[in-house]
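Below is one structure; the comments refer to it alone.
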Amino acid sequence: MICPRIHDSPEQTQRTRQRPGPYAAGRWRTVRWIAFVLCGLSAHLSVAVAQSTDAVVVKDGSPIRGEVVSATRTEVTVQGEDGKRIIPAYAIKYILFAGEPSSMRRVRVAAGSGQADKAKRTLDRLDESQFERLLAKADLQFYRALVNQQLALESAQGMASAAANLLRFVKENPDSHHFYEAAEALGDLALAMQRYPDAARFYGSLEKSPWPGLRLQGAILMADTLHSQGGDQLPEALKRYEVIIATHAEEEDAVRQQQVAAARRASCLAELGKPEEGKAALRSLIAEAKPTDSELLAVSYNALGDCHRVSGQAKDALLAYLHTELLFADQREMRAEALYQIAKLWAQLGDDDRSAEARQMLDQEFAASRWATIP
Amino acid sequence: MDSRVELQRERRRRHGWWSDSGVKRQAFLSRRLPFLWQPLKLVAWKWALLGRVWNYLSAPSPPPFLLAAHLRAAHWVVIEKLLKTQSMLSVDWNRTWVVSVAGHACLWGALFCCHTTRAPHLFAQKPDVVGADARAAGTTASEITPSVITAAEQRADLMFEALVARQYLDLADHFLSRCAASGQYSESWKAGNLFRRATLLIRIAGSGRVKDVDARLEVARQDLQTFIKQNPQSPRLTDANLELANLRMTQGYRALARAESTATESAADTKQRKKWLEETGVAFRSAERQFRQLKNTLTAQLKAIQSGAANDVRASEIDTMRSRLIRARLTIGVLELEQAKLLRDEPAKYEKQIEVALEEFVNLSQDYRERAAGLEAVFYKGVCHQEAGQFQQAILEFDSLNSLAALPEPLLSRNMSHLIQCYLALGQPRKAISRGDIWLARSGSQQKTAASAEATLNLCKAYLAEAHAKNGRDAEKRTTAARRQLLRILQIGGKHRTEAQTMLAQLPIEVPTPRTLGESEEKVEFADAKVRADRLRTQMQSTAMLVALNERKLKTAESRTSRQAAEQELRQSEQNHSRLQDETLKSYRATLKLAEPDPALSESVNEIRHTMAFIEYERMNYLAAAAIGEFVATRYPESDHAIDCANIAMASFQTMLYASDAKDREFEETHLTQIAEYIVDQWPQSKVGQSAIVNLINVAIANGDVEQAESYLSEIPEESSARTPAQLRIGVGLYQFSQRLEAPEAAAVCGRAERLLTAAVEQAAQSTPTASLAQAVVTLAMARNDLGRSADAVELLRDPKIGPITLIENGDPSVASTYVVAQAYRALLASLAGLLALPDTDSGDVVDQISNVLERLDRQSGAISSSGTVLAVAHDLQRQLEEADPQARRKLREGLAKLLAKISDASQPMETRQRVVDMYLALADQAASESTEDAANAGAKRYSLPAQQIIRELLALPNDGKAMTENVRLQLQVKLALALRMAGKYEEAVDQFEKALNVRNRVVNVQVEATETYQMAATVGSTKLYDLAVRGGRPNQEGANIIWGWKKLSSVAGAQMSQGEEKAAQFRDLFFRSRYNMALCRVLQAERESGQIRTNAIRDAQQTIRITRSLYPDLGGDTWNAKFAQLSKRIVAINGNRR
């Protein structure tokens, strides 16, 4: 049974026919404003709650909350409500420490995504006295050194001092969970300074890590060091890549490192005058790679570009390098290499304007890259 | 028998779906399988209608006069049938598919009428509409009774109304005139025709399809006035008065619009404007009088009804009368308001008139608030207040309407427009924006009416006023909103477009930064950066639109000044657009750097990539566009942007393919094939998918891989509309491919193309002719001509149904393209010329036909305005000249010369004029080979004269380093010398040769021509010229002859021959030719001279032959040996005579 409406008078019927006018909209805006303020308050409260305890953010982005009670090169122990949890250092993206300034999170995110400028600006405004815990202080020291390294690599200036900062961090914090990251960063600096033995030494420490993925990454970096020296070192680099590919690997991360090694191998083969061997492998690598795996895709496209270039297929090579240049903005070194080759290929195809444009971009954006130093 | 019952029976017999048992099936299908039901219903309808058309035409009793004109006849038949079936089958006329069926049926009916063998029989029948009605009622024409006539009149009324309602206005006009001429209608019915015609003229004038609107309205006015005068008792008198009043009001508004569009303040314009305004006033006053009269009539009628004097009037009629009365009162008010606006220069009168109008609206709004007219009265009350400067009161009125939910369009938009104007007048743009934004969100952004555009424009003014008052982020926000809405107005079009364009052009271009957006530098995240980049993109879109508009403006600019201004505006807008493209691209690239590999962001990232690909494509950076497009399409096939990105990649590779060198296309072809195959695989049914197949077919054909092309074709479903065009494309492509091959392979491929095209054309000919069908038919004709089937080709081109020539002559829209027209005529000329080569051809007849075609081409200058087309036609014709007999050749030459004259004027490009010169020279050369000497000389002179004139004009041009260079000048001088020689002006010809050779002396070909000129001059002039022909002439400052003569030519050739085998082969002919001509010149000299000169000449000739023989005993082979032998005989003969 339908209940009769109590206020069903003619006047009200007329009113109900009228659509809410502009004044009604004004009322609705007020309600929305109140709701917005309430939401903001609740969000603020939740942030405050989040900062009351440590949080270890792992590589897939999920946080593990609890107090970080200890940290070594290989693992971090978190005391949570459910008890202790040991998290491998290799799986950690970053750690948020309770009581530290909230802007520290932005530093970690910016440094992690290669936005060193932004991270540096934020770091410069931070007051060290706000960091009371040793672990948090060490974390700050690491990010300062890392951001310096990134800026040094971008600008090709202050590389020695950046290396000194990183070395100091490693010496003062030999058991930090950032140890392997610091080793890799030092290796990158050594490579940029063309100090190949030092680079091999730093990358070599990655090979001693307990995780197969990182070990393979270290091996790749070692092979890359040889590869970048070119000439006589190429056969040795090729051999190393092949060893990596032949290694038995089951973990997803290790398999991915093998794919990276396969792409590098194809590039190496191209430089050794055997481009055809690599092309087919690269096409299948590209087809199988996740579209979000920009590192693997950038490496593969560059390698494909190398193969086509050596085969005399300038347009195909250009197309491959353009993929890296246009689509994988976070792969700085790969983009620098791609831009270098693009500039050369445009010149080869007779388009001097585009060649000059690419070269200009390389010189401006990747001044510190070794590709910018090659004429 | 009742025609309805008969039709029902027929329907049941023919179509099971409409039978009783079929009804159950219908119900089942429509309930359970609605997606299947609609298409089935459509097909059933098509067949039902076709069946009825067939029955109608094949009936023993002929159809009515409606078949008097081919196409129209079919319209009539179908419309009448539809009318009959409408009530029977409860067809909803508003359903678009019904209209579509009617359209299809009309077309098929028209084709049937045009081509059936019964057509002559049908057209010869007595044209009488009653015949059809009589037949429909089961009677014959001889049994016509008054009741049949009444039925026919009713049917005619129904027909007329149906035609007008369906916008068949011209048919309705034709129908009325035929009815007036018919004796089968009563005079009283015909008297109503004046009224019918007037309403029809008003509809036609308002349709926007005719130019002489004012003239038609004037005729309609006169008709209505006559009707009112002649039929004071007519039941349609009120309707006529209403129509006349509306008509006068329309005329007033038209005059007002003309007055407002008089742009300048010049005396003439002011006078003209005054005249228009006076005319406006007269029309408005007349309309007002008319409406007042109508109001009085209606009031009196309603009073009579209320007092019980007219009891037989139905309630619905009373309601109609009341509505008309209210509408008349409202219109009277509007007219008073409009007249007030005309009195703005006289404040006292203006205010008084406004008050009068306001009073009318106040009364109306109080009395009829619940009616639509009452709401309009409220709106006009607001307008009156606004006109009087009482903005607050006006706002109250407008706001009271604005709060109503069910305010109809365009009243809602008009109300909003005035409301915003009032706020702007009060300097309160913020309030205007708050109202306007709500209106936009509610319905304004969906509307595409002029009223909506006007309201949006006023809102944009409010945005910009607010932006001017603010700065920073708020200003940027308002400007962006204004920009977005102005773009929308440009898309809507109409009279506000120009103003919107001007406002858009004046908007500043600002590259948003975090600071201008009020954001902190550190806090910039992906989403913020994207918003910033998106804003740039909006600006970029607006500049792109401005570029397009400025291009259009430049095209339509008439005076030099306006063209210069348009060019400058275009340059400016292009620069802005290019700058914004760069900035947008940069901004999006920076945004991408901030994107984390989060799957949730992938769609936003792909949106950015899509935009980047589009910009790169626009910047003609096709490789970059292809790289991005291909990546998104292949790696994110589920993305909303995938198909567009795939399309960009395909278009990029396609553009690169067209621009690439024909010998090096592997890269472009491979990638185009890859992406096109991917698209076909991924989105086979989409439009992009169909175009991908066409691309694949094109690539396959370009490579001569017909099997592959046909396999791609098989991927297009049989029922797809894209299939036949693709078949046609294959055939055309194959023929084009055959043109690149050498015989006999070319003939084989051409034959295959012919077979394919024949099948495809047959298929396509079943539907409406299209441009692609016309193109295919032309290609098929060309293929047949190439295969020696010229007669078939001509027949096909003139086919009454699909022949492009027939279609061109009938003005068919399918051959509107000038390219197709030119190709069709070219094919026809080539085929006709091809007929000349056939043994059984009556060459006189063919040549006449060719001449006719050329004359038609001459008339159709618009169709063949392209000089390239004319040259191509001329080239084909010239090629065929060789095949024709002398008589035909002369006529063809005449025709060709006419054609060439069309493209020889100074406005043509230099390359074209040079080619025209070559063709004239070829014609002159050919004419010189006529059998009689006089004809030969006259012909050569006739065609060389225009060549001379063109060359002299070209030589007068200065060197520009591009079209005119020193090389070109030398070539032209040589051509002028040849033309002069053909005209018999040898001395002048030698002068020209001298000029050319003075610059480049060692050009052997020119030396030969110059020497030949001496020799030719000697044949008609002094025999001393033979000396010059042998020894050369025109010495330079050093004393060396600039023109070498045969002797030096033979020395040069001999020296070259000793340089090796290759040179020997190259110069052998020249050597023997020179030696032969040396001897010949002496022989000719000896024949005309006597005494010592003669003796010396014979001696020289003999010596020349002897030396030549001693050097080359075979005397250069059989040909030259025979010539030398002939010469020796002539020498012997001369010697014999001497003795």
Side-chain angles (χ1 to χ4, degrees), chain A residues 16-26 28-29 61 103 106-107 109-110 112-115 117-119 121-122 125 286-287 289-295 297 301 308 313-330 332 335 342 345-346 349 351 354 357 361 365, chain B residues 399-407 419 431 434-439 441-442 521-526 585 588-599 601-602 605-606 609 612-613 616 621-628 630-632 634-636 639 653 656 660 664 666-668 670-671:
Chain A
T16 50
R17 277 192 202 131
Q18 291 189 355
R19 192 190 52 77
Y23 301 109
W28 171 236
R29 221 173 19 243
S103 53
R106 285 209 296 278
V107 171
V109 172
S113 58
Q115 299 172 62
D117 270 343
K118 192 175 153 187
R121 274 198 302 273
T122 316
R125 286 182 198 162
I286 289 170
K290 284 181 194 165
T292 46
D293 192 346
S294 57
E295 188 198 355
L297 283 168
Y301 275 116
H308 283 303
Q313 296 161 325
K315 284 183 192 170
D316 289 278
L318 199 48
L319 187 66
Y321 290 126
L322 277 169
H323 275 87
T324 305
E325 209 287 290
L326 295 163
L327 294 160
F328 312 116
D330 56 331
R332 286 186 60 79
R335 280 185 64 208
I342 287 167
L345 285 163
W346 276 128
L349 289 169
D351 195 333
R354 288 206 169 112
E357 203 180 307
M361 196 184 275
E365 285 193 30
Chain B
D399 253 345
S400 72
L401 278 183
N402 202 33
S403 61
L404 293 178
L407 199 63
L419 181 61
K431 285 190 176 175
S434 75
R435 300 289 192 276
D437 280 348
I438 292 167
W439 166 72
R442 189 167 136 199
E521 292 277 349
E522 290 78 34
K523 278 188 178 173
V524 177
E525 301 290 345
F526 173 79
L585 210 50
Y588 274 129
R589 292 180 79 146
T591 308
L592 278 183
K593 281 185 195 169
L594 301 172
E596 289 180 39
D598 181 358
L601 283 182
S602 68
V605 169
N606 284 335
R609 287 171 176 160
M612 283 172 67
E616 293 287 14
N621 197 353
Y622 299 118
L623 263 179
I628 304 172
E630 194 185 40
F631 183 79
V632 176
T634 54
R635 307 314 306 262
Y636 295 92
S639 164
F653 285 125
M656 283 193 280
S660 64
D664 180 22
E666 196 189 337
F667 170 79
E668 290 82 3
T670 310
H671 283 274

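These figures come from a predicted structure and were not determined experimentally. Only this structure's heavy atoms are used, side chains among them; waters, hydrogens and symmetry mates stay out. In the text below, chain A, chain B and the rest are named by the order of the sequence lines, each starting its count at 1.
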Original post:
Which of the residues B:Glu630, B:Met656, B:Lys593 is involved in the greatest number of heavy-atom pairs with chain A at under 4.5 angstrom?
Top reply: B:Lys593
Would you give the length of the straight line joining atom [atom1] of [X] to atom [atom2] of [Y], rounded to the nearest 0.5 angstrom?
X        : Y        : atom1 : atom2 : result
B:Phe631 : A:Leu322 : CZ    : CG    : 13.5 Å
A:Asp351 : B:Leu623 : CG    : CG    : 10.0 Å
A:Lys315 : B:His671 : NZ    : NE2   : 10.0 Å
A:Asp316 : B:Thr670 : CG    : OG1   : 7.5 Å

Interchain contact, [X] with chain A, by part (heavy-atom threshold 4.5 Å):
X        : answer
B:Met612 : side chain
B:Glu616 : side chain
B:Asp437 : neither

Subject >> Engaged part of A:Arg335 at the chain B interface, taking heavy atoms whose separation is under 4.5 Å >> reply: side chain
Original post:
Picking from A:Ala289, A:Pro291, A:Ala329, A:Ala320, which has the most non-hydrogen pairs under 4.5 angstrom with chain B?
Top reply: A:Pro291
**OP:** Using a cut-off of under 4.5 Å on heavy-atom pairs, state which of A:Arg354, A:Lys290, A:Gln313, A:Glu325 scores highest against chain B.
**Re:** A:Arg354
Beyond-backbone contact of [X] with [Y], side-chain heavy atoms, under 4.5 angstrom:
X        : Y        : answer
B:Arg635 : A:Ile286 : yes
B:Ile628 : A:His323 : no
A:Leu318 : B:Phe667 : no

Original post:
Which pair of heavy atoms, one from B:Ala627 and one from A:Leu327, lies closest together, and at what distance?
Top reply: O-CD1, 4.2 Å
**OP:** Answer yes when A:Glu365 and B:Arg589 have at least one side-chain N-carboxylate O distance shorter than 4.0 Å, and no when they do not.
**Re:** no
